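What follows is a short report on a single structure.
All residue numbers in this chain count up from 1 along the given sequence. Computed from a predicted model, the values in this text were never measured in an experiment.
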Amino acid sequence: PQSHVACDCKPNEDEKRRLSLCVGCGAQIHDQYILRVAPDLEWHAACLKCAECHQFLDETCTCFVRDGKTYCKRDYVRLFGTKCDKCGLSFSRNDFVMRAKTKIYHIDCFRCSACERQLIPGDEFALREDGLFCKEDHEVLEKATNSENNNNTTNVNNNNSSHNNNNNEGSNSDETCEKD
């Protein structure tokens, strides 16, 4: 469904051997150069544009393809990149992040939903359906609701692993929260 490819600008030498059709407009390509995105997608230079911002994409740009549409890097990351579960903003490759099960947060966003205290490696916290809570606020909530059923709660102890977020993909970390 998605691919990250560089545009390959090649002379149209094989025009006599086979018919090259532009994916963008559907017309035959008679131009001197063909832009190839992935092995089977060929474009007129004037037709290869970002589906969102309409910026021309050529051999100097990084192209991203998803569901048959091409995107510039900025729009691809904005639309499809991993986003913080608290603020909803994307991560840069240099951001340090915190992970709790399948959720991922900017370090500054990794805070108790009740008291807003920043949680750091080593802190105990609860990841609940209604948010992330420090141990103290989680215990208060549990007492207030007199809940004997903890199906919607996962208690997690934050460890001290540290990694850089050098890609924009989430991970499934089980029963731990890491500073990535």
Using 0.5 Å steps for rounding, measure from the [atom1] atom of [X] to the [atom2] atom of [Y].
X	Y	atom1	atom2	answer
Asp85	His106	CG	NE2	11.0 Å
Ile104	Asp95	CD1	CG	9.0 Å
Gln118	Arg111	CD	CZ	4.5 Å
Arg128	Glu142	CZ	CD	5.0 Å
Lys49	Phe56	NZ	CZ	4.0 Å
Asp123	Cys112	CG	SG	10.5 Å

Following the transitive rule for hydrophobic clusters with a side-chain heavy-atom cut-off under 4.5 Å over Ile, Leu, Val, Met, Phe, Trp and Tyr, establish whether Leu79 and Phe64 coincide in one cluster.
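Yes, Leu79 connects to Phe64 through the hydrophobic network.
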
Hydrophobic clustering (ILVMFWY, side-chain heavy atoms < 4.5 Å, transitive) - are Leu119 and Phe96 grouped together?
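In one cluster: yes.
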
Partner residues of His44 under the ring pair (Phe, Tyr, Trp, His ring centres under 6.0 Å) criterion, sequence neighbours left out
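Checked His44 against ring pair (Phe, Tyr, Trp, His ring centres under 6.0 Å); zero matches.
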
Just to verify, what does Tyr71 make a ring pair (Phe, Tyr, Trp, His ring centres under 6.0 Å) with, not counting sequence neighbours?
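Checked Tyr71 against ring pair (Phe, Tyr, Trp, His ring centres under 6.0 Å); matches are Phe80.
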
Side-chain contact test, heavy atoms from C-beta onward, threshold under 4.5 Å: evaluate it for Thr70 versus Leu57 and give yes or no.
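Contact flag for Thr70/Leu57 side chains = yes.
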
Below 4.0 angstrom, N of the basic side chain to O of the carboxylate: do [X] and [Y] qualify?
X	Y	result
Glu136	Lys143	no
Lys69	Asp67	no
Glu52	Arg78	yes
Arg117	Asp137	no

Looking only at heavy atoms, which two atoms of [X] and [Y] are closest? And how far apart?
X	Y	value
Leu21	Gly26	CD2-O, 4.0 Å
Trp43	Ile29	C-CD1, 3.8 Å
Lys83	Phe91	C-CE1, 3.5 Å

Per the side chain to side chain donor-acceptor pair (under 3.5 Å) rule, which among His30, Gln28, Glu42 passes with Ser20?
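Exactly one option meets the side chain to side chain donor-acceptor pair (under 3.5 Å) with Ser20, and it is Glu42.
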
Donor-acceptor pair, Ser113 side chain versus Phe133 backbone, under 3.5 Å?
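Not confirmed, Ser113 side chain does not pair with Phe133 backbone.
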
For the NZ atom on Lys86, are there more than 12 heavy atoms of other groups (residues, nucleotides or ligands in this structure) within a distance under 6.0 Å?
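Counting neighbours around NZ of Lys86, more than 12 heavy atoms of other residues, nucleotides or ligands fall under 6.0 Å, so yes.
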
Mind running salt bridge (charged side-chain N to carboxylate O under 4.0 Å, His left out) on Glu129 and Lys101 for me, showing each step along the way?
CA-CA 12 Å; Glu129 287 179 6; Lys101 292 215 167 243; over 6 Å; no

How about Phe125 and His138: are their ring centres within less than 6.0 Å of each other?
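Not close enough - the centres of the two rings lie 6.0 Å or further apart.
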
